[in-house]
Amino acid sequence: AQSVTQLGSHVSVSEGALVLLRCNYSSSVPPYLFWYVQYPNQGLQLLLKYTTGATLVKGINGFEAEFKKSETSFHLTKPSAHMSDAAEYFCAVSDNNDMRFGAGTRLTVKP
Amino acid sequence: KAGVTQTPRYLIKTRGQQVTLSCSPISGHRSVSWYQQTPGQGLQFLFEYFSETQRNKGNFPGRFSGRQFSNSRSEMNVSTLELGDSALYLCASSLEGTSGRASEQYFGPGTRLTVT
């Protein structure tokens, strides 16, 4: 069975600092991995996804993530945080049956 | 292209009642998935419908049911509501659904259900 673990339920960074949100997964099949963002009172919006091919994936709003099979990780990064990045971020893994989400990481950006 | 719409956005019900939530997917999308989001349990998969057939089901009791119509619109029903059913219910549509693993899901804004 597949599962997702997001390390750190809350992450706080200063504006302009590096953002690093951690995600580790387990899957019995080659994983398809996703990062979603949720702003208050809204649904989830896809940031980026990894299916096959290049392991460094670039997404919207300057975010990127790197698939590391040996570490079973798919960490999300952004070089310079912006106040508008404050939101909740979810990592997800998909197999042939459903999509499983991590518990989420709430990102706070301090001025 | 219009996004995923969910109605109603907010709902207050009493224990023991039943509720029906509606989701209209993006035009052309044949798959609709439903999720329950709570602070304690996070995002949990309820079920997926594809071309009017339930294709996958999560680990929820039979009080939770759904259906999909020929125009891909979907409804979710919860009978005999319990306090623990209070949650944000999210609907997501995609072209291929969860069996097309690369097919990303587009989420609606959700229906916030409060059970008193």
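Just so we're on the same page: letters track the sequence lines, and every chain starts at 1.
There is no contact between Gln6(B) and chain A, counting heavy-atom distances below 4.5 Å. For Leu44(A), the parts sitting under 4.5 Å from any heavy atom of chain B are the backbone and the side chain alike. Gln38(A) touches chain B through its side chain: at least one heavy atom from C-beta onward sits under 4.5 Å away, while N, CA, C and O do not. For Phe90(A), the part lying near chain B is the side chain, with the backbone staying farther off; criterion is any non-hydrogen pair under 4.5 Å.
Within 6.0 Å of CZ in Arg15(B) there are 12 or fewer heavy atoms belonging to other residues, nucleotides or ligands. For Arg22(A), the CZ atom counts as loosely surrounded, since its 6.0 Å shell holds 12 or fewer non-hydrogen atoms of other residues, nucleotides or ligands. The number of heavy atoms from other shown groups lying within 6.0 Å of CD1 (Ile12(B)) does not exceed 12.
Scanning residues 62-72 of chain B against chain A with a 4.5 Å non-hydrogen threshold yields no residues. Contact annotation for residues 82-91 of chain B against chain A (heavy-atom separation below 4.5 Å, listed by residue number): Leu88(B), Leu90(B).
Residues Leu48(A) and Val19(A) share a hydrophobic cluster, clusters being chains of Ile/Leu/Val/Met/Phe/Trp/Tyr side chains in contact below 4.5 Å. Residues Phe74(A) and Phe63(A) are members of one and the same hydrophobic cluster, defined by side-chain heavy-atom contacts under 4.5 angstrom among Ile, Leu, Val, Met, Phe, Trp and Tyr.
Counting only residues at least two apart or in different chains, disulfide (SG to SG under 2.5 Å) contacts with residues 15-84 of chain A comprise Cys23(A)-Cys91(A). Among residue pairs with one or both ends in residues 79-92 of chain A, those qualifying as salt bridge (charged side-chain N to carboxylate O under 4.0 Å, His left out) are Lys78(A)-Asp85(A), Glu88(A)-Arg106(A); sequence neighbours excluded.
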